[in-house]
Number of protein chains: 2
Amino acid sequence: MKRVTLAQVAEAAGVSVMTASYTYNRPARVSDDARARVLAAADRLGYAGPDPSARSLRRGSTRTLGVVLGEHLTYAFDDPQAVRFLAGIADVCAGAGYGMTILPITGADDDVPRVRAAAVDGFIVWTTADDDPVLAAVRSTKRPAVVHGGPAVAGLGLVSIDNRAAARAIGAVAFAGARRPAVVSFPLSRERISTVVRGPDPAPVLFPVTRERLEGYRDAADDLGLAWTDVTVAVCSRNDGAEAARLAAALFDATDPPDAVAAMGDLLAAGVLDAARAAGRAVPSQVAVTGWDDAAVAADLGLTTVAQSLRDQGAACARAALGATPARSAGPPAAPWSIVRRGSTR
Amino acid sequence: MKRVTLAQVAEAAGVSVMTASYTYNRPARVSDDARARVLAAADRLGYAGPDPSARSLRRGSTRTLGVVLGEHLTYAFDDPQAVRFLAGIADVCAGAGYGMTILPITGADDDVPRVRAAAVDGFIVWTTADDDPVLAAVRSTKRPAVVHGGPAVAGLGLVSIDNRAAARAIGAVAFAGARRPAVVSFPLSRERISTVVRGPDPAPVLFPVTRERLEGYRDAADDLGLAWTDVTVAVCSRNDGAEAARLAAALFDATDPPDAVAAMGDLLAAGVLDAARAAGRAVPSQVAVTGWDDAAVAADLGLTTVAQSLRDQGAACARAALGATPARSAGPPAAPWSIVRRGSTR
DNA sequence: CTGTTAGCGCGTTCAA
DNA sequence: TTGAACGCGCTAACAG
C-alpha cells in the first residue's frame with residue numbers, strides 16, 4: 001500500500017486503464033456499473049485520485065498560477081493592499097479551479113532558479129524595481145505573465161492605475177492654497193533609507209510606482225506654481241504609520257512647517273494626522289493631509305485619498321495570466337481610480 | 001520555437017541528453033566545456049530550463065507545500081495572525097527551496113477535488129471545523145500534513161498551543177476579583193451568528209480552538225468559584241473590533257454590566273476597550289479586559305493578553321510537513337505561550 | 001566525465 | 001462505451 005496507480009485500480013476493478021481514467025476525468029463517458037466498480041476498487045486500494053504531476057505533464061498544464069512577491073514576505077503580507085490584491089487573485093483562481101502558488105523573493109541567488117522551476121501556467125508579479133532580475137526570469141519562461149503596478153516589461157502584461165495622473169490629481173487637492181507643501185513617500189531605493197530631502201529628481205527612482213507618484217506630485221506643484229525644489233519629501237523605509245508620524249513630527253517642528261502633506265499611503269497619512277494632532281496643528285485649516293488607497297482607516301479618519309481597488313486589480317491580473325496569450329493585446333486599459341474628498345483637505 | 005525540450009538542446013549542443021540534464025541539476029558533474037556548450041545552445045534555442053511538471057513526475061516530488069485556508073480567503077488574509085502564520089511558512093519554504101501553494105476553500109463542492117488535485121508534497125491546514133470534509137481529503141492523499149490549531153486528526157500532525165490551559169490562565173487574570181465576568185468569543189458555529197448567550201456548553205462547538213478556549217474560560221470561572229452559567233458570552237461573527245465594540249456596548253448598557261471581559265482576540269479586546277471608554281467605565285478598576293495573541297495593538301493599548309508566535313507556529317508546521325514522515329512522531333510538543341500582564345487588568 | 005536504458009503515471013489517439 | 005498503444009519531458013541507475 002505504498003503508491004497506488006491508476007493501472008492498479010483498473011486491474012482491481014477489472015477494467016482498462018482508460019475506463020478508470022475516464023471515471024475521474026469524464027465520469028459521464030463511463031457506464032454507471034464500470035464507474036462504481038472503479039470507485040470501489042480505488043477505495044479498497046486507498047487510491048486518492050490521479051497523480052497531479054503526471055496529469056500536469058500529460059496535459060501540459062498545471063492549473064496553477066504563480067504570484068511573485070518581492071522582498072520580505074512579511075512586508076508584503078503586512079500591507080493591507082497587497083493582501084486585498086492576493087484575495088482578488090485567489091477569487092479568480094478558485095473560480096477557475098486553479099491553485100495559486102506564492103513565490104517569495106528573498107533576495108538570495110536562488111530566486112531566479114526558483115521562479116524558473118515553479119510549476120505554474122502563468123505568473124503575476126507584484127510591483128518591483130525596474131532592474132529586478134526576476135522579471136527577466138519570468139519572461140524567459142514564455143508563460144503568460146502580468147506585472148502589477150510596474151515596471152512595464154515588453155512581453156509581459158501590465159495592470160496598474162495611472163499613478164502619475166492620480167498623484168497629480170490628489171496633489172492638486174492636497175496642495176491647493178498651500179505655500180509649503182510636503183510629500184511622504186515610499187522608499188526611493190532598495191536600501192529603504194529613511195530620510196528627508198527637498199524636491200528629489202524622480203528619474204533615478206527604481207520603483208516605478210513611487211517614481212510615477214513623485215512625478216505626479218511634482219506635476220501638481222507645477223500646476224499650482226509651486227517650486228518642486230522647495231517641496232519637502234519625507235521618505236519612509238516602510239509603509240508604516242509610526243515611522244511616518246516620527247518624520248512628520250520633525251517636519252512640523254521645523255521653522256517652516258508644511259501646510260499640506262500628500263502621503264503615498266493611508267497608513268502613512270494616518271501617521272501624519274497623529275503628528276499634526278500632537279503638534280497642535282489643525283486639519284485641514286493649518287495643514288491639509290491626503291492619503292492613498294482609500295483603506296478603511298481613510299474613512300475612519302476622514303482622509304481625502306485616492307481610491308483604487310487592489311482586489312479588482314488582482315482579479316484582472318489573474319484573468320490576464322489565465323488567458324492563453326500574453327496580455328499584451330491592445331495595450332492593457334489602465335485600472336480605474338478616483339479622488340475621494342473628505343475633511344482632511346480644504 | 002514553440003516548445004523546446006532538453007533533448008533538442010542536447011542535440012544542438014552535440015552532447016547526450018543526460019549531459020544536458022546534469023548541466024542543470026549537477027553542474028559540477030559536467031565539464032566546463034560541455035556545460036558552456038549546453039548553456040549556449042539553450043540560450044540560442046530559448047530553452048528556459050527543465051519542465052517543472054516532468055521533473056516533478058520523474059523525481060516524485062513537487063518541491064511545493066500546500067496551505068489550506070478555510071472559508072473566505074479575504075477573512076484569512078484580513079486576520080493579522082493568519083498572515084504572520086503564512087509568513088512563517090513562507091520563510092521555511094523559501095529556505096528549503098520550496099514553493100507554497102495557497103488552496104482556498106470556498107465551501108463549494110469542488111473544494112475536495114481541488115485539494116486532492118493539488119500538486120504538493122505536503123499540506124498545512126489552517127484551523128477548521130471538526131467536520132470539515134477537507135480534512136479527510138488531505139488525509140486520503142497520504143502525504144505529510146499538519147493541522148494548525150485543530151482539530152486533531154489521526155494521521156495528521158498538529159501544531160497548536162494548549163488553548164484550554166492558556167484560556168484558563170488568562171481567565172484567572174481577567175476574572176480575578178470579578179463578580180460578573182464576561183467573554184467575547186469567536187463564532188460558535190459555521191453560520192457565524194452574532195449573539196449574546198449565558199454560559200454556553202462548549203461541547204457542541206465545532207471549531208476546536210474556540211471550544212477549547214471556552215472550556216478554559218469556564219475552568220477559570222470554576223477555579224474562582226464563579227458560576228459559568230452566569231457568565232455572559234458575546235459571540236462575534238468575525239474577528240472584528242467594531243462588532244466587538246457594538247456587542248460590548250450592549251453589555252455595558254445592561255442592568256448587570258460585566259466587571260471583567262476576556263476576549264479571544266486582541267482586536268476584539270480593543271473593541272471592548274472602545275466600548276468601555278464610551279460607556280465611561282474605567283479600565284481596569286471598573287472593568288478588566290484581556291485579549292489574545294499579543295498583537296501590536298495589545299502593546300499599544302496596554303492590554304493583558306496571551307502571547308504566542310503564529311510565525312513560529314507557521315514555521316513549525318512547514319518543517320513538519322517537509323519531513324518525510326507524517327508528523328505523528330512522539331506526539332507534537334505543544335507550542336509555547338505566555339501571559340503578558342499589562343494595565344488592562346487588576 | 002559522459003552515455004544508454006528504462007521508466008515516472010497519466011491521457012490523447014485511434015481502433016473496436 | 002471500452003481498450004491498446006504510445007509518449008508527455010525528464011532523470012535515477014547503471015554502465016563505460
A.B. asks: Could you state the CE-C1' distance from A/Met18 to C/dT12, rounded to the nearest angstrom?
C.D. replies: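 So the CE-C1' distance, A/Met18 to C/dT12, works out to 8 Å.
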A.B. asks: Figure out the CZ/P separation between B/Arg26 and D/dC10, and round it to whole Å.
C.D. replies: 17 Å
A.B. asks: Show me the pairs that pass salt bridge (charged side-chain N to carboxylate O under 4.0 Å, His left out) and involve residues 49-68 of chain B, at least two apart or across chains.
C.D. replies: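 Listed by first then second residue: B/Arg3-B/Asp51.
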A.B. asks: Return whichever of B/Leu57 or B/Ser31 has its heavy-atom-nearest nucleotide of DNA chain C closer to the 5' end.
C.D. replies: B/Ser31
A.B. asks: Indicate yes or no: at least one non-hydrogen side-chain atom of B/Leu65 is less than 4.5 angstrom from one of B/Val120.
C.D. replies: no
A.B. asks: Nearest whole Å is fine: how far is D/dA12 P from B/Asn25 CG?
C.D. replies: 7 Å
A.B. asks: For A/Arg37 and A/Asp32, run salt bridge (charged side-chain N to carboxylate O under 4.0 Å, His left out): C-alpha distance rounded to whole Å, both residues' side-chain angles, the deciding distance at 0.1 Å, then the answer.
C.D. replies: CA-CA 9 Å; A/Arg37 295 225 310 279; A/Asp32 292 350; over 6 Å; no
A.B. asks: Below 4.0 angstrom from OP1 or OP2 of D/dG3, is there any side-chain N or O of A/Thr19?
C.D. replies: yes
A.B. asks: Is the distance from OP1 or OP2 of D/dT11 to the nearest side-chain N or O of B/Ser21 less than 4.0 Å?
C.D. replies: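 Answer yes for this pair, as a side-chain N or O of B/Ser21 is under 4.0 Å from OP1 or OP2.
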A.B. asks: Can you tell me how far P of C/dC14 sits from CZ of A/Arg29, to the nearest Å?
C.D. replies: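 Spelled out: CZ on A/Arg29 to P on C/dC14 is 14 Å.
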A.B. asks: Quick one: B/Arg59 CZ to C/dA6 P, roughly how many Å, whole number?
C.D. replies: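 After rounding, the reported distance stands at 24 Å.
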A.B. asks: Expressed in angstrom and rounded to an integer, what is the separation of A/Asp51 atom CG from C/dC10 atom P?
C.D. replies: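 After rounding, the gap between these two atoms is 6 Å.
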A.B. asks: Kindly point out which of C/dG7, D/dC8, D/dA4 is positioned nearest to the side chain of A/Arg58?
C.D. replies: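 Given the options C/dG7, D/dC8, D/dA4, the side chain of A/Arg58 is closest to D/dC8.
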A.B. asks: Which word best sums up how the rings of A/Tyr47 and A/Tyr24 line up, parallel for under 30°, tilted for 30 to 60°, or perpendicular for over 60°?
C.D. replies: perpendicular
A.B. asks: What is the distance, to the nearest angstrom, from the OH atom on B/Tyr22 to the P atom on D/dA13?
C.D. replies: 10 Å
A.B. asks: What's the closest nucleotide to the B/Val30 side chain, out of C/dC10, C/dT2, D/dC10?
C.D. replies: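 Between C/dC10, C/dT2, D/dC10, the one nearest the side chain of B/Val30 would be C/dT2.
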A.B. asks: Using atom CZ of A/Arg55 as one end and atom P of C/dG11 as the other, report the distance to the nearest whole Å.
C.D. replies: 5 Å
A.B. asks: Using a strict threshold of under 4.0 Å (side-chain N to carboxylate O), is an ion pair present between B/Asp91 and B/Arg319?
C.D. replies: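 Looking at B/Arg319 and B/Asp91, the cut-off is not met.
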A.B. asks: Does a side-chain N or O from B/Ser56 land closer than 4.0 Å to OP1 or OP2 of D/dC10, or not?
C.D. replies: no
A.B. asks: Using only side-chain N and O atoms of B/Tyr47, determine if any of them is under 4.0 Å from OP1 or OP2 of D/dG9.
C.D. replies: no
